[in-house]
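Read through the structure below, which is laid out as structure tokens, and then see the notes.
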There are 2 protein chains.
Amino acid sequence: MQSYDRRFEDILDSTEDLFAEKGFHATSMRDIAHAAEMSIAGLYYYLPSKQAALCLVCTRIFDRLDAAAHELHGIADPAERLRAFVRAHLAYMLRNDDAYRVLLHDMDALDGEYGDRMRLRKRRYFSLAADLVSRLDVHSAFVSPRIAAGALFGMLNWAPTWYRRGVDGAIDTVADTILAIFLGGISAIASPLEVRS
Amino acid sequence: MQSYDRRFEDILDSTEDLFAEKGFHATSMRDIAHAAEMSIAGLYYYLPSKQAALCLVCTRIFDRLDAAAHELHGIADPAERLRAFVRAHLAYMLRNDDAYRVLLHDMDALDGEYGDRMRLRKRRYFSLAADLVSRLDVHSAFVSPRIAAGALFGMLNWAPTWYRRGVDGAIDTVADTILAIFLGGISAIASPLEVRS
DNA sequence: CGTTAATTCGAGCGAACGTTCGATAGAACG
DNA sequence: CGTTCTATCGAACGTTCGCTCGAATTAACG
């Protein structure tokens, strides 16, 4: 039923917006129903529970991120592939309203099997990025891959808290700057004599 | 009354732990009362409202952070002062259980005057760090102070999500590594020819 | 001791929560 | 037409929420 699927996506759109704006716990099923312009009982025809709604929203976000990451397989050069990943990841964080908040915070509210499944996907996505980093020519024995990946993701995932359109320039430029700090920093630690203090 | 103050701090300790662990909205006043080993009505003898409880907890955390930052005034060298700040900030993020979560997320739940006051303190603290960065000898015309401070705080504030005791080494060492990545990265952008690609 | 003030609690208020149920309206199909 | 299935809703369930009140208990002081 095509009309069902369209309505279903509409509802998930509204749900995602509300979770991103107010957070999972501060959003009620009545809020979602109102945003989707239907009754609470009608909402439950599409969503079995609030937890399932959060799980569906998270799954959709991961689907988009993974789809963007999957397109990187065509890029042979490891440095360019990492650059493309950084650009895509930051772009998703900074566009799409505050959808990133659902992943970075609300996801922890998922219990049981829902929680296990989503935490697994989160780990997979992050290790995908750590893999890209480890394949760089610039490998440093002085910085562990865990800290390196953590530093890179930190700069990227923190960006939504300070980035302002029109003040901080184009998103791709910010992505390149962050990547340059990261690569320059790693390189400086790997060969500290080449940078004067 | 000394006994009152001691009890008050005990209650705020319990409140901070619960907010950090489960989040503001997922924590009920009954949870707090139970953790503080008293009745709900008795709890309201100390706390006028749940919002006030969050505000008090946030204030306490900022007091600690500001106190640590205030000790840096004795350090003359800008680079060493920044290093001390980075160490102190990361140490607070990684010790004190998950208190950082209250600041980085739950604080947004504060309404009205409470919210205004805390957001002002947050901005002050962050601009304090941006000030330290701008006073470095290494100034780059290619990286704006906003992006630089955002990158540094990103690496620091994201650390609690990946740091594991016993796996990633001493906290001060991690702080030094993050600072090295930051300074090396900024320097590399400032004088790109000195780092081979 | 009696009196006053500080501290704690049981009980419950109204509201909002997630969720369910039976009924209903419309479309689909014979 | 009647029947079946899809989609929607009003009303309400039981629970928990933040919060309050009046009474009881304890400590302080004369």
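A, B, ... follow the sequence lines: proteins, then strands. Residue 1 opens every chain. Because the structure is a prediction, the values reported are computed rather than measured.
- Distance B:Phe8 CZ to C:dT7 C1': 15 Å, rounded to the nearest Å.
- Salt bridge annotation for B:Asp176-B:Arg87: present, with a cationic side-chain nitrogen under 4.0 angstrom from a carboxylate oxygen.
- Here the C1' atom of nucleotide C:dC17 and the CD1 atom of A:Ile32 are 12 Å apart, to the nearest Å.
- Between A:Ser28 and C:dC17 there is a side-chain N or O to OP1 or OP2 distance below 4.0 Å.
- Counted within 6.0 Å of NE2 on A:His25, heavy atoms from surrounding residues, nucleotides or ligands total more than 12; the atom is thus considered enclosed.
- Residue contacts for A:Tyr46: at a heavy-atom cut-off of 4.0 Å it reaches the sugar-phosphate backbone alone, with no base atom in range.
- The distance from atom NE2 of A:His25 to atom C1' of C:dG18 is 13 Å, rounded to the nearest whole Å.
- Here C:dT8 presents its P atom at 12 Å from CG of B:Leu47, a figure rounded to the nearest Å.
- In this structure, of C:dG18, C:dT8, D:dC17, it is C:dT8 that holds the atom nearest to the side chain of B:Ser39.
- Looking at the side chain of A:Tyr45, the nearest of the listed nucleotides D:dT8, C:dT20, D:dC19 is D:dT8.
- Spacing between atom OH of A:Tyr44 and atom P of D:dA12 amounts to 19 Å, rounded to whole angstrom units.
- One finds a salt bridge joining B:Arg135 and B:Asp131 here, because a Lys/Arg side-chain nitrogen approaches an Asp/Glu carboxylate oxygen to under 4.0 Å.
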Report task. Could you please spell out the steps behind the salt bridge (Lys or Arg N to Asp or Glu O under 4.0 Å) verdict for A:Asp77 and A:Arg83? Result -> CA-CA 10 Å; A:Asp77 181 43; A:Arg83 173 182 304 276; over 6 Å; no
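- For A:Arg30, the listed nucleotide lying nearest its side chain is C:dG18; candidates were D:dC19, C:dG18, C:dT7.
- At a threshold of 4.0 angstrom between heavy atoms, the contacts of B:Arg7 are confined to the sugar-phosphate backbone, with no base atom among them.
- Taking atom NE2 on B:His34 and atom P on D:dT16, their separation rounds to 14 Å, with Å as the unit.
- The residues B:Arg60 and B:Asp13 are annotated as salt-bridged, a charged nitrogen and a carboxylate oxygen being separated by less than 4.0 angstrom.
- As a whole-Å value, the separation of A:Asp5 CG from D:dT6 P is 13 Å.
- B:Tyr4 has its OH atom 18 Å from the P atom of C:dA5, to the nearest Å.
- The nucleotide whose nearest atom lies closest to any side-chain atom of A:Ala41 is, among C:dG10, C:dG18, D:dC9, D:dC9.
- Of the two residues near DNA chain C, A:Met29 and A:Gly42, the one whose nearest nucleotide lies more 5' is A:Met29.
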